[in-house]
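Only one structure is covered here, and it is reproduced in the block below.
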Amino acid sequence: SSVEPHRSNSLPQGVVDPVVRALRAEMAAATTVVLMQRRNGGLRAKPDRVSEERLEAFEKSLEEMRKLRVVLRKYDTNKSNKLEEDQVKKLLTDINKGQEPSDTELSFIMKLCDSKCNNNAIDLSELKTAIQSWKSYLRHKDKIQASLEQFDKSG
């Protein structure tokens, strides 16, 4: 059976997403190394175990990328392959069990995480950081607020 190439919703048919293309090339190279090691009886100085661990880590990375792409597609309602502020707000609201972020919180996440492309949006390369940052902020929100009240005398 043939495998359908992965395509982003915003790319023309037959064009493979550059991120996916790069990941496939890296995976192919790692697989080639492992197969050559097995064929040649393994490396003399290092066992195959190292390469197997690398492959497992790479497969985990691919799976994480797939999950992030699913999240991106869910919230990217205009198929721009990035999340604009209103779409990020919906994502953060869903993560926070229906409670919307304040304008200040949303602005904070946008400025913090839109660092790679600096396009006033969160793209795939920034999405993981945005999700992790928001979850971390939510876990520590009360401590942050208490510290601000204690030390911020300017109001």
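Tracing side-chain contacts under 4.5 Å through hydrophobic residues (I, L, V, M, F, W, Y), one reaches Leu106 starting from Leu148; they form part of the same cluster.
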task = Step by step, work out the side chain to side chain contact (heavy atoms under 4.5 Å, CB included) result for Arg69 and Asn81.
result = CA-CA 9 Å; Arg69 190 167 287 288; Asn81 218 20; 4.2 Å; yes
message = As a quick check of understanding, evaluate side chain to side chain contact (heavy atoms under 4.5 Å, CB included) for Tyr75 and Val88, giving each step before the final call.
response = CA-CA 8 Å; Tyr75 292 95; Val88 173; over 6 Å; no
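Asp123 contributes atom CG, which lies 11.0 Å from atom CG of Leu68 (distance to the nearest 0.5 angstrom). Between atom OG of residue Ser125 and atom CE of residue Met65 there is a gap of 8.5 Å, rounded to the nearest 0.5 Å. From Glu52, atom CD reaches atom CD of Glu59 across 8.5 Å, with rounding to the nearest 0.5 Å. Separation of atoms CZ (Arg73) and CG (Leu124) is listed at 9.5 Å; rounding is to 0.5 Å.
With a 4.5 Å cut-off on side-chain heavy atoms, Asp76 and Asn78 count as touching. Proximity of Glu63 to Lys67: side-chain heavy atoms (C-beta onward) are separated by under 4.5 Å at one or more points. Within the 4.5 Å cutoff, the side chain of Ile109 has no heavy atoms near those of the Pro101 side chain. No side-chain heavy atom of Ile122 sits less than 4.5 Å from a side-chain heavy atom of Leu91.
Across Leu127 and Leu72, no two heavy atoms sit closer than the pair CD2-N, 3.9 Å.
In this structure Glu100 satisfies the salt bridge (Lys or Arg N to Asp or Glu O under 4.0 Å) test together with Lys89, sequence neighbours excluded. Residues passing the salt bridge (Lys or Arg N to Asp or Glu O under 4.0 Å) test with Glu84, sequence neighbours excluded: none. Under the side chain to side chain contact (heavy atoms under 4.5 Å, CB included) criterion, Phe58 pairs with Leu23, Glu26, Met27, Leu62, sequence neighbours left out. Take Asp94 and apply the salt bridge (Lys or Arg N to Asp or Glu O under 4.0 Å) test, not counting sequence neighbours, and it matches Lys90.
Applying the side-chain hydrogen bond (donor to acceptor under 3.5 Å, both in side chains) definition to pairs two or more places apart or across chains, those involving residues 127-136 are Glu64-Lys128. For residues 107-121, no residue pair satisfies the side-chain hydrogen bond (donor to acceptor under 3.5 Å, both in side chains) rule, not counting sequence neighbours.
Gln99 places no side-chain N or O within donor-acceptor distance of the main-chain N or O of Asn96, the cut-off being under 3.5 Å. For Lys82 (side chain) and Lys79 (main-chain N/O), no donor-acceptor pair under 3.5 Å exists by modelled atom type.
With respect to the salt-bridge test (charged N to carboxylate O, under 4.0 angstrom), the residues Glu105 and Lys141 qualify.
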